[in-house]
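A short write-up of the structure that comes next.
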Amino acid sequence: METESEPYVRLATLRQLHQVMADMNTARSLADTLQTVADGVVTGLGFELACVNLVRPDGDLVVAAFAGNPAAEALITGRVGSRDSWERRLNMGQHWGDLVFIPHTEGWILDDDDVPQWYTDGPAPRFEDEWHPSDRLFAPMYTPGVPGGACGELIGVLSVDRPRNGRLPGAWGREALQMYAFQAAIAISNARLRANMQRALVRLERDQQALRASEESFRQAFEYAPSGMAIAEMGGDQHGRILRTNDALCRLLGRPASAMRRYSFSDLVHPEDIGTLLRTSAEGGRAELRLGRRDGTYVWVSLRNSVVADAADGPRFLLTHVEDIEERKRRELQLAHRASHDSLTGLPNSAELRARLASRLCRRPAHAGALESMDAAYGHPAVFDANGHGFDFPGAAALEAFDHHVHTVSPDEAEHDDGTDDGSKGLAVLFCDLDGFKSINDRFGHNAGDAVLIEVARRLSRQVRDGDTVARLGGDEFVILADGLGRADAQDLAVRLRNEIIQPIRAEGRAVRVGASFGIGWAHCGMTADEVLKSADERMYVEKRSRPKQHRRAG
């Protein structure tokens, strides 16, 4: 090809160039492509030496491939020349289209710069177009897609040396080298793209493997967690619908996984806990509530929600952890019951009795005149708390509580001047003291006394209505709170309770009897709980002293 003019290019030369192009575009890696480009200059374009200088990310050029001289290849491959030195080369000499030719008469000033180079000595040129050993020829390679490459980004430079015919390239040789550099740039760009894609695929596969491992870890943690786990939808029409549950939750609620997917947590929660569930679902966090079992019972659980996203902008879900706290709740209820109930009889104790009584009473002036004077003093309706303290500037909540409070009134307050009863009803407080109980303790022991107290508590509870309170105040004293009774009703209730108590009681294998004295007091707003109990206690002692001793107990 080196001696051929354009009209007389041999077909063999074109075949050889075609093969070089094919090899360059079918190389398997970027390194193979670069070496094929260098080899193609030697085998297809008729130069003895070829070097591929590739632009690095930092802008400098590295010798990436070399062909034609193994010694030179070993010496300069991998060495780097600065971008400034290369820009100097490409801006001097003669420009043959995109090619840059620097004759020996100018190139001597480049001998000492930092661009890697290989110099071979030889005789001085004998002809005008003869190649000199110090001549330099460069073919810049630009990013493809720009006609002529002039405006493209520089990706590398082909440097060639010593044409085999010893002469400067003619028009055909120059154009062939320029076209080759253009095709080489395409091949290198494609090879880089393939390399980047391969690296991206490797990273993607690695990420996918990590994701699969993470999903498997989550699946195992979800499925085999010792406590209940569920995934539910978040937002939309199906908010809260259960999508997936683990075996522990299915066992806890006694429902199969297929059935669980038909429900949302709002379908399963106890009606009293629905508000707690909605707050927890909306805000995430933790709550304690009751979930329904298949058999209709409820179990206390600690429900903990976490909001998770399926992807960066994908749907959000609720990951719900459900822990069985039934045993803890049972212990808490037992402790609360023990704190408010008598350990022997199971009845409400003194503290619980006072709390129930106080909840029905408010401290207020007993007479309308006093209330009116307080209204005038404050400029608004006077309001008092349970301890008798007035709200100087009561808020809306205090006013509302006062307005909606149903005042407890004693039937005695509704009695006519002539002593007749108009049939009004109130909150009766029956104070009961057992007669003859101490003698049972002294004669038969405390076990017998305890048996008597337990049986009396059972009989009293059996004779009152649902909603009434039977409490053990202490020792052998009991108190009954019965709302909505008139004076005659309360007296009848006391008689029934006394008749029930005096029946024989089995204690320690023997039948014993106790009597009972009752005092009937009435609770009304303006009194404290202690004042109400003291009033009933005093009336009980009046009743006890008024009865003959032999009638106080039977047996």
Side-chain angles (χ1 to χ4, degrees), residues 193-332:
L193 180 61
R194 288 195 300 272
N196 291 336
M197 292 179 61
Q198 289 172 353
R199 284 192 294 269
L201 288 173
V202 170
R203 287 195 300 268
L204 179 60
E205 178 61 26
R206 188 163 53 243
D207 292 343
Q208 288 179 339
Q209 289 177 354
L211 179 61
R212 286 193 292 269
S214 176
E215 289 177 343
E216 178 61 20
S217 298
F218 172 79
R219 187 192 66 80
Q220 292 190 11
F222 182 91
E223 293 293 343
Y224 302 113
S227 53
M229 300 288 288
I231 297 175
E233 288 191 16
M234 185 175 182
D237 297 337
Q238 298 294 320
H239 179 78
R241 185 175 67 89
I242 297 173
L243 301 175
R244 183 177 175 184
T245 57
N246 69 347
D247 290 341
L249 182 57
C250 293
R251 291 194 302 271
L252 176 63
L253 301 183
R255 303 175 187 270
S258 57
M260 289 290 291
R261 287 192 290 271
R262 296 197 297 266
Y263 297 104
S264 66
F265 278 107
S266 59
D267 299 324
L268 302 173
V269 74
H270 192 283
E272 296 177 1
D273 299 334
I274 188 69
T276 302
L277 174 69
L278 293 177
R279 287 192 298 272
T280 305
S281 298
E283 304 168 4
R286 182 171 185 166
E288 293 183 356
L289 43 77
R290 289 158 289 182
L291 293 180
R293 291 190 175 107
R294 186 179 183 180
D295 59 6
T297 61
Y298 287 89
V299 58
W300 275 100
V301 300
S302 171
L303 189 145
R304 204 162 55 241
N305 279 327
S306 300
V307 179
V308 296
D310 187 47
D313 296 320
R316 299 199 302 167
F317 300 92
L318 281 176
L319 176 62
T320 304
H321 176 244
V322 183
E323 182 180 0
D324 183 359
I325 59 170
E326 181 73 18
E327 186 61 31
R328 174 168 68 79
K329 280 292 183 179
R330 184 180 294 111
R331 290 196 300 269
E332 290 176 358

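- To the nearest 0.5 Å, atoms CD1 (I231) and CG (L319) are separated by 6.0 Å.
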Practice item. Test S302 against R286 for side-chain hydrogen bond (donor to acceptor under 3.5 Å, both in side chains), laying out the working first. Key: CA-CA 7 Å; S302 171; R286 182 171 185 166; 3.0 Å; yes
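- Across every non-hydrogen atom of A230 and T245, the tightest pair is CB-CG2, 4.1 Å.
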Practice item. Could you check L303 against E288 for side chain to side chain contact (heavy atoms under 4.5 Å, CB included), going step by step and ending with a plain yes or no? Key: CA-CA 6 Å; L303 189 145; E288 293 183 356; over 6 Å; no
Practice item. Quick one: do T276 and V269 satisfy side chain to side chain contact (heavy atoms under 4.5 Å, CB included)? Show the steps, please. Key: CA-CA 10 Å; T276 302; V269 74; over 6 Å; no
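- The shortest side-chain heavy-atom distance between E223 and R244 falls under the 4.5 Å cut-off.
- A distance-only check finds a donor-acceptor pair linking the side chain of D267 to the backbone of S264 [under 3.5 Å].
- Residues satisfying the ring pair (Phe, Tyr, Trp, His ring centres under 6.0 Å) test with Y298, not counting sequence neighbours, are H270.
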Check your understanding: Do V299 and I325 pass the side chain to side chain contact (heavy atoms under 4.5 Å, CB included) test, and can you show the C-alpha distance, the side-chain angles, and the key distance before you say yes or no?
Key -> CA-CA 8 Å; V299 58; I325 59 170; over 6 Å; no
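- For the pair M234/F317, no side-chain contact is recorded, criterion being any heavy-atom separation below 4.5 Å from C-beta on.
- A distance of 5.0 Å separates CD1 of I274 from OG of S266, quoted to the nearest 0.5 Å.
- Looking at every heavy atom in both residues, G228 comes nearest to A248 through N-CB, 3.9 Å.
- The side-chain contact (heavy atoms from CB on, under 4.5 Å) with L291 is formed by just one residue from the set V322, L252, D324; it is V322.
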Report all side-chain donor-acceptor pairs from residues 200-208 shorter than 3.5 Å, counting only partners two or more places apart or in another chain.
from, atom 1, to, atom 2, distance (Å)
E205, OE2, Q209, NE2, 3.3
E205, OE2, R212, NH2, 3.1

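- Between M260 and C250 the shortest heavy-atom distance is CG-SG, 4.3 Å.
- No donor-acceptor pair under 3.5 Å is formed between the side chain of N305 and the backbone N or O of L318.
- Considering only heavy atoms from C-beta on, H321 stays 4.5 Å or farther from S306 through its side chain.
- Taken from CG in L253 to CZ in R293, the straight-line distance is 7.5 Å, to the nearest 0.5 Å.
- A salt bridge is absent between E326 and K329; no separation between the charged side-chain nitrogens and carboxylate oxygens falls under 4.0 Å.
- Atoms CG and CZ, on L277 and R290 in that order, are 12.5 Å from each other to the nearest 0.5 Å.
- Under the 3.5 Å distance criterion, the side-chain polar atoms of S217 are matched with a main-chain donor or acceptor of A213.
- Under a cutoff of 6.0 Å and an axis angle of 45°, R255 and Y263 form a cation-pi pair.
- Although no hydrogens or angles enter the test, the distance criterion places a donor-acceptor pair under 3.5 Å between the side chain of N246 and the main chain of F222.
- Heavy-atom neighbours of F218 CZ from other residues, nucleotides or ligands within 6.0 Å: above the threshold of 12.
- Dense packing is recorded around CZ of R328, with more than 12 heavy atoms of other residues, nucleotides or ligands lying under 6.0 Å away.
- Taking both residues in full, the closest heavy atoms of R261 and R241 are given as O-NH1, 4.1 Å, listed atom of the first, atom of the second, then distance.
- Shortest non-hydrogen contact noted between M229 and L249 is O-CD2, 3.8 Å.
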